[in-house]
Amino acid sequence: MPGCFKKTIFALASLISFVSFILIVVAMGTPKWMTGKILCKTGADLVNATDPELVKFIGEIYYGLFRGGKIRQCGLGGRRSKFTIFPHMVKKLNTGLHVMIIMFLCVAIFFSLVSFGFCILNAIKVPYRAIKGPAGVSLWNFLAGGFVVLAVTSFMAAVKLHHLTERIANFRENVFQFVILEEYFEDCFWICVASATAHAVNLLLIAISGINFPKIKTKTEEVNVTAEDIMY
């Protein structure tokens, strides 16, 4: 049986792994990875809008991995619309990169659950095989955190290098052209960053669990046996 200290460490690590699993699931299902302001360039050019008038042509957009929405402002008031990435819009995006982001997060979910199970196992008993022990737990946490980092990095590449926001804003816009004025990474993106950080914390906890702290020994009084004691 593991000691009290190791039980506490692995119980805490299992909790962190489960929280990481929840964070990734929530992030994948929420359409708030990016938000931004979009300018209806076509409408602004038609009326030669100046700075004070440009407000009438600035709308908003938000999206996640599967769906999103936008407010179009083309001089006639705001028009709200919602959209889904699959199955139609993904053809206009970098399909391979977008699918890879989702796959990376799905793999990270799997390894988070594996890490959770192995942490519970190590909190209950000392496994005989090394892969089931702290070495295995470290491996699963490293893989889970690594795949989250890959997903986050790929999403940043899609936004900054492949102009993901602009492509989504101009999807099925035959008349008007939209230009991105501002874009921000939102809560769900940072939730994934927090998930990767959680696995890094787990790696630190597992490293601490392998430290053998010196035990405090109490001095025992030496018993002196004399000849008189033996006689009695």
Side-chain angles (χ1 to χ4, degrees), residues 20-45 57-74 78-113 141-200:
S20 174
F21 159 74
I22 296 296
L23 290 177
I24 300 172
V25 171
V26 170
M28 290 185 68
T30 307
K32 274 294 180 78
W33 280 61
M34 287 292 298
T35 58
K37 293 183 178 180
I38 54 177
L39 171 66
C40 182
K41 188 175 184 298
T42 307
D45 290 343
F57 298 91
I58 297 176
E60 298 177 359
I61 189 171
Y62 68 91
Y63 61 91
L65 297 180
F66 298 99
R67 63 188 189 277
K70 65 180 180 181
I71 302 175
R72 299 166 73 254
Q73 293 273 13
C74 293
R79 294 180 58 187
R80 295 180 179 271
S81 62
K82 293 184 178 181
F83 54 82
T84 55
I85 304 295
F86 293 94
H88 305 294
M89 188 178 291
V90 73
K91 297 177 183 178
K92 299 295 182 180
L93 310 179
N94 191 322
T95 307
L97 185 58
H98 197 80
V99 172
M100 279 176 59
I101 294 168
I102 296 172
M103 289 181 62
F104 285 151
L105 290 176
C106 289
V107 174
I109 287 174
F110 171 75
F111 282 121
S112 295
L113 289 176
N141 276 278
F142 176 79
L143 290 174
F147 276 105
V148 174
V149 170
L150 285 174
V152 168
T153 306
S154 300
F155 185 77
M156 291 176 65
V159 172
K160 299 299 182 182
L161 301 180
H162 296 274
H163 310 290
L164 181 62
T165 308
E166 186 174 346
R167 291 189 183 195
I168 292 176
N170 288 287
F171 178 71
R172 288 183 177 175
E173 293 289 348
N174 299 321
V175 178
F176 298 102
Q177 180 185 2
F178 290 90
V179 177
I180 308 303
L181 297 181
E182 298 175 359
E183 55 186 359
Y184 309 96
F185 292 102
E186 280 296 334
D187 295 341
C188 292
F189 175 84
W190 297 114
I191 283 175
C192 284
V193 175
S195 172
T197 305
H199 288 291

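Basis for what follows: all heavy atoms, side chains included, without hydrogens, waters or symmetry-related copies. Each residue takes its place number in the sequence, starting with 1.
At a threshold of 4.5 Å between non-hydrogen side-chain atoms, the residues S112 and I24 count as touching. The shortest distance between side-chain heavy atoms of Q73 and C40 does not fall below 4.5 Å. Annotation: side chain of F104 is not in contact with side chain of V107 (no heavy-atom distance under 4.5 Å). In this structure, the side chains of I85 and H98 come closer than 4.5 Å at one or more pairs of heavy atoms. Residues F147 and M103 fail the side-chain proximity criterion, which asks for heavy atoms closer than 4.5 Å. Contact of the M28 side chain with the C106 side chain is registered, since non-hydrogen atoms from C-beta on lie closer than 4.5 Å. Two residues are said to be in side-chain contact when any heavy atoms from C-beta on lie closer than 4.5 Å; M34 and F189 fail this criterion.
The CG atom of N174 sits 9.5 Å away from atom CZ of R172, with the distance rounded to the nearest 0.5 Å. Within the model, atoms SG of C74 and CD1 of I58 stand 12.0 Å from one another, a figure rounded to the nearest 0.5 Å. Note: I61 CD1 to F83 CZ = 4.5 Å, rounded to the nearest 0.5 Å. Note that the NZ atom of K160 and the NE2 atom of H162 stand 13.5 Å from one another [nearest 0.5 Å]. How far CG of D45 is from CZ of F57: 9.5 Å, rounded to the nearest 0.5 Å. We find the CD-NZ distance between E60 and K37 to be 7.0 Å, quoted to the nearest 0.5 Å.
F110 meets the side-chain contact (heavy atoms from CB on, under 4.5 Å) test with V114; sequence neighbours excluded. Evaluation of the side-chain hydrogen bond (donor to acceptor under 3.5 Å, both in side chains) rule for Q177 yields no partner, not counting sequence neighbours. In this view, N170 satisfies the side-chain hydrogen bond (donor to acceptor under 3.5 Å, both in side chains) rule with no residue, not counting sequence neighbours. Among residues two or more places apart in sequence or in another chain, the side-chain hydrogen bond (donor to acceptor under 3.5 Å, both in side chains) test is passed with S20 by S195, H199. Shown here are the ring-ring contact (aromatic ring centres under 6.0 Å, His included) partners of F155, two or more places apart in sequence or in another chain: W33.
Ion pair K70/E173 flagged as a salt bridge, since at least one NZ, NE, NH1 or NH2 atom sits closer than 4.0 Å to an Asp/Glu carboxylate oxygen.
Under a cut-off of 6.0 angstrom, the local environment of CZ in F142 is sparse, with at most 12 non-hydrogen atoms contributed by other residues, nucleotides or ligands. The environment of R167 atom CZ is dense: over 12 non-hydrogen atoms of other residues, nucleotides or ligands sit within 6.0 angstrom.
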Less than 3.5 Å apart, which donor and acceptor atoms pair up between the side chains of residues 179-188 and the rest of the protein, not counting sequence neighbours?
from: E182; atom 1: OE1; to: Y184; atom 2: OH; distance (Å): 2.3
from: E183; atom 1: OE1; to: T165; atom 2: OG1; distance (Å): 2.7
from: E186; atom 1: OE2; to: T35; atom 2: OG1; distance (Å): 2.8

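Tested against L97, the residues L93, N94, V99 include a single side chain to side chain contact (heavy atoms under 4.5 Å, CB included) partner, N94.
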Legend entry - Evaluation steps, side-chain contact (heavy atoms from CB on, under 4.5 Å), between C192 and L105: CA-CA 9 Å; C192 284; L105 290 176; 4.1 Å; yes
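For the pair K32 and Y62, the distance from NZ or CZ to the six-membered ring centre is under 6.0 Å and the angle to the ring normal is within 45 degrees.
In terms of modelled atom types and a separation under 3.5 Å, the side chain of S154 and the main chain of I101 share no donor-acceptor contact.
A196 approaches V149 most closely through the heavy-atom pair CB-CG2, 3.9 Å.
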